[in-house]
Amino acid sequence: MQLLSEQELQRRKYREELMKVGINPYPSELFEVNVTAKEILQNYEKRKLDYKNISIAGRLMSTRIMGSASFGELQDSTGRIQFYVRRDDICPDENKDLYNTVFKKLLDIGDIIGLTGFVFTTQTGEISIHVTGFKLLSKSLKPLPIVKTTEDADGNVTTYDAFSDPEQRYRQRYVDLVVNPEVRNTFLQRTKMISTMRDYLSNKGYLEVETPILQPVYGGASARPFKTHHNTLDMPLYLRIANELYLKRLIVGGFDGVFEFAKDFRNEGMSRFHNPEFTLMELYVAYKDYYWMMDLFEEMLETVSIALHGRAEVQVGEHLINFQRPWKRFTMAESIKHYTGKDIDGKNEQELRSLAAELGVHVDDTMGKGKLIDEIFGAHVEPKLIQPTFIIDYPVEMSPLAKKHRSKEGLVERFEVICNGKEICNAFSELNDPIDQRQRFEEQLELGRRGDPESMVLDEDFLRSLEYGMPPTAGIGIGIDRLAMIMTNAPSIQDVLFFPQMRPEKKAANDAEAFKTLGIAEHWIPLLAKMGVNTVEQLKGSNPNKLFNDLCGMRKKMKLEVANPTIDEVKSWIA
RNA sequence: GAUUCCGUAGCUCAGCUGGUAGAGCAUAACACUUUUAAUGUUAGGGUCCUGGGUUCGAAUCCCAGCGGGAUCACCA
């Protein structure tokens, strides 16, 4: 049993009253909808005759009652539209209850209703629905945050009482979506982004596939996994951190191109760029190399930008990001030279370490050559790359799944694209020499033995598949959430995930069951909680007279329709 | 994990140097047939996050905890 606010109690009462007058607040039968708000607002002026007999459903978002006529706003999945109700239209007979009682009293903001009527334009020029009939489709028992907006002559929108607490918005995304229209738009954009990518790849003939999320050996990336257990097989399983190794098995199996929009899971820190579950799109194409993949990625993102915004440019915060091809391409060494003036080419580990120190980059003794370069890059280059930029040719130590560079010693054929200061993809010419791959895994195992919790583990079955022969292949992984952040101008990953991971909601410890065994009736328990008595210990420690008084006072205040407890009853709880 | 800010009515927020709470919207009542953040009059609504401390007295000061935001670190 929960404690209800005055408004919630009121709405529960209205629900009862509706039933008493023969209106089912939750009817079963369908409600025929033949138009949306957006459709009316867009087309009414041009095709007035088509809107003489409409039927629309949605959520009641506001009412302005003026005696025997009222205005209100209905919100459906496409937007809001004003409606106009006149008492004598919906109550042509002597009995005006439908208007006076049901419409004016028993309907609340947030209720889902169906309207029938015709479209007209008010004296103030707003396209509205003149209601000839309405039907309650679902009674809302919780008050919705009321957000109001005004628009001045210049079209500047002012919002009042915004529902803006991030915690509430993420925990109760359903409310956020009802009340904040731009949130809905962000998610529509995200879906459109994904479908554009899917169409782009499908049209090239690549196969969208599904691979295991529960994996006996996790691989394909450097990250800590979530571990679980299968009862029947009595074996540990891991939620995938990547699907790379499975997609490559499919290339071995003879598919020319495979891709998957994959939910991956990494048991690591959370921030505005990290959520424990996130979406990575991986694509592998046989007989291609990383240069080819750069061209594909450029073209795909340009396509996405145009699909979403009608042009190759996207405003992200203070930056206007331009996805128009071609993008700049730097080797990692060039990019570091460009931003620091220092040349890392041919430097050994010791020289790199002192260079890092000179540049004020934090390093420690466990870092090898590759890691040192990566740290310098991360500190001095990455944040400065706002426009999409290819960074190519990474140190081999950091890239155990990438093919060694065809001409540069110590490097691999790998690129990342940095955009708005963050990596948005990672791609290689895939390593397909099984002997080399085994050695690289073994180096990773060595790192693991030295205590790196993110080193890769050796996947024997994957190596076996490579031994059968994998064609030369280009592969790419694209962080869908981070890309969505850029494409929708969202400052946090939580803004592009419907339900970002949150700490569990705090619940006051409550010995409700123990209270019942003491003979306390169920309806007192929430009142006790409200008075701060949550545990048997607290109960036993309180003064029975005060408890009795408080309980009776609280009963009256909450308008609970039950008899007061007797003082002896209360004493018996404490005894 | 570190630093910092925040937690007051259903929502958005005020509340000064400590004197037991305020506004607007929402809710309830009345009026009002084209309003639009409708309006006018009236009313109800708060363990001021939790627990300790200082004090005659704490929403306010101090400490601890819980929850959240931001930045940084970790994390490709």
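Side chains are part of it too, since the values below use all heavy atoms of this structure and drop only hydrogens, waters and symmetry mates. In this text, all values refer to a predicted model and were calculated from it rather than measured experimentally. Below, chain A is the first sequence line, B the second, and so on; all start at residue 1.
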Next on the checklist: By nearest atom, which of the nucleotides B:G69, B:U35, B:A28 is closest to the A:P166 side chain?
Outcome noted: B:G69

Checklist entry - If the C1' atom of B:A26 is compared with that of B:G45, how far apart are they to the nearest Å? => result 11 Å

Next on the checklist: Assess the residue pair A:D495 and A:R272 against the criterion (salt bridge (Lys or Arg N to Asp or Glu O under 4.0 Å)); give the C-alpha distance rounded to whole Å, side-chain angles, the decisive distance to 0.1 Å, and a yes or no.
Outcome noted: CA-CA 9 Å; A:D495 296 320; A:R272 75 190 178 97; over 6 Å; no

Checklist entry - If each of A:S492 and A:K422 is mapped to the nucleotide of RNA chain B with the nearest heavy atom, which maps nearer the 5' terminus, i.e. the 5' end? => result A:S492

Next on the checklist: Using 30° and 60° as the class boundaries, would you call the ring planes of A:Y99 and A:F103 parallel, tilted or perpendicular?
Outcome noted: parallel

Checklist entry - Reckon A:Q7 touches a base, only the sugar-phosphate, or nothing at all at heavy-atom distances under 4.0 Å? => result base

Item to check | Base partner of B:G57, which must satisfy Watson-Crick or wobble distances under 3.5 Å | outcome: none

Checklist entry - Contact class for A:Y14 (heavy atom, under 4.0 Å): base, sugar-phosphate, or nothing? => result sugar-phosphate

Item to check | Distance, P atom - from B:A2 to B:U12, rounded to whole angstrom | outcome: 29 Å

Item to check | Nucleotide of B:A76, B:A38, B:U34 approaching A:R64 most closely (side-chain heavy atoms) | outcome: B:A38

Checklist outcome for this item: Among B:G68, B:A29, B:A76, the one nearest any side-chain atom of A:E268 is B:A76

Item to check | side chain to side chain contact (heavy atoms under 4.5 Å, CB included) partners for A:E397, two or more places apart | outcome: A:K369, A:P395

Next on the checklist: With a 4.0 Å cutoff (strictly under), does any side-chain N or O of A:K148 reach OP1 or OP2 of B:G24?
Outcome noted: no

Item to check | B:A37 phosphate, OP1 or OP2, under 4.0 Å from A:T150 side-chain N/O | outcome: no

Checklist entry - What's the spacing between A:I56 CD1 and A:T116 OG1 if we round to 0.5 Å? => result 11.5 Å

Checklist entry - On a whole-Å scale, what distance lies between the P atoms belonging to B:A37 and B:G18? => result 42 Å

Checklist entry - Which nucleotide sits closest to the side chain of A:R171: B:G68, B:U34, B:U27? => result B:G68

Checklist entry - So what does A:S70 touch, heavy atoms closer than 4.0 Å: a base, only the sugar-phosphate, or nothing? => result nothing

Next on the checklist: Just the rounded figure in Å: distance from C1' of B:A28 to CD1 of A:I109.
Outcome noted: 14 Å

Checklist entry - Parallel under 30°, tilted from 30 to 60°, perpendicular over 60°: which one fits the rings of A:Y84 and A:F71? => result tilted

Next on the checklist: If you only use heavy atoms from C-beta on, which nucleotide in B:U35, B:U33, B:A76 is closest to the side chain of A:A223?
Outcome noted: B:A76

Next on the checklist: I need the CZ-P distance between A:F273 and B:A76, as an integer number of Å.
Outcome noted: 15 Å

Checklist outcome for this item: note: A:M66, atom CE; B:C30, atom C1'; distance rounded to Å ~ 16 Å

Next on the checklist: Rounded to whole Å, how long is the line connecting atom CD of A:Q10 with atom C1' of B:A43?
Outcome noted: 13 Å

Item to check | Gap in Å between the two C1' atoms, one belonging to B:G46 and one to B:C5, rounded | outcome: 24 Å

Checklist entry - In whole Å, what is the span from the CZ atom of A:R11 to the C1' atom of B:A28? => result 13 Å

Item to check | A:A69, nearest nucleotide to its side chain (from B:U33, B:A29, B:A38) | outcome: B:U33

Next on the checklist: Work out how far the P atom of B:A23 is from that of B:A9, and round it to whole angstrom.
Outcome noted: 14 Å

Item to check | Base-pairing assignment for B:C30 (Watson-Crick or G-U wobble, both under 3.5 Å) | outcome: B:G40

Checklist entry - Partner of B:A2 by Watson-Crick or G-U wobble geometry, both contacts under 3.5 Å, or none? => result B:U71

Checklist entry - Using atom P of each nucleotide, how far apart are B:U4 and B:U42 to the nearest Å? => result 48 Å

Item to check | N-O pairing of A:K263 and A:E277 below 4.0 Å | outcome: yes

Considering only distance and modelled atom types, tabulate donor-acceptor pairs under 3.5 Å from the side chains of residues 373-386 of chain A, sequence neighbours left out.
| unit_1 | atom_1 | unit_2 | atom_2 | d |
| --- | --- | --- | --- | --- |
| A:H380 | NE2 | A:L359 | O | 2.9 |
| A:K384 | NZ | A:H380 | O | 3.1 |

Checklist entry - With a non-hydrogen cut-off below 4.0 angstrom, is A:R272 in contact with a base, only sugar-phosphate, or nothing? => result sugar-phosphate

Checklist entry - CD of A:E73 versus P of B:A26: gap in Å, rounded? => result 12 Å

Checklist entry - Has the side chain of A:E6 got a donor or acceptor atom sitting under 3.5 Å from an opposite partner on the base of B:A28? => result no

Checklist entry - For the pair made of CG in A:L401 and P in B:A76, what is the distance, rounded to whole Å? => result 13 Å

Checklist entry - Of the non-hydrogen atoms in A:K105 and A:Y14, which two are nearest, and what is the gap between them? => result O-CE1, 3.3 Å

Checklist entry - If we take the P atom in both B:G15 and B:C6, what is their distance in whole Å? => result 11 Å

Item to check | Residue mapping more 5' on RNA chain B - nearest nucleotide basis, A:S62 or A:S68 | outcome: A:S68

Checklist entry - So what does A:K13 touch, heavy atoms closer than 4.0 Å: a base, only the sugar-phosphate, or nothing? => result nothing

Item to check | Plane angle bin for A:F415 and A:F297 - parallel if under 30°, tilted between 30 and 60°, otherwise perpendicular | outcome: tilted

Could you run down the sub-3.5 Å N/O contacts of the protein with nucleotides 11-13 of chain B?
| unit_1 | atom_1 | unit_2 | atom_2 | d |
| --- | --- | --- | --- | --- |
| B:C11 | OP1 | A:Q168 | NE2 | 3.3 |
| B:C11 | O2' | A:D161 | O | 3.3 |

Next on the checklist: I'd like to know if A:Q82 reaches the base of B:U35 with its side chain, counting only an N/O donor and acceptor under 3.5 Å.
Outcome noted: yes

Checklist entry - Between B:C74 and B:U17, how far is it from one P atom to the other, in whole Å? => result 40 Å

Item to check | Rounded distance (Å) that lies between atom P of B:C32 and atom CZ of A:R87 | outcome: 9 Å

Checklist entry - Does the distance from a Lys or Arg side-chain N to an Asp or Glu carboxylate O, for A:D108 and A:K139, drop under 4.0 Å? => result yes

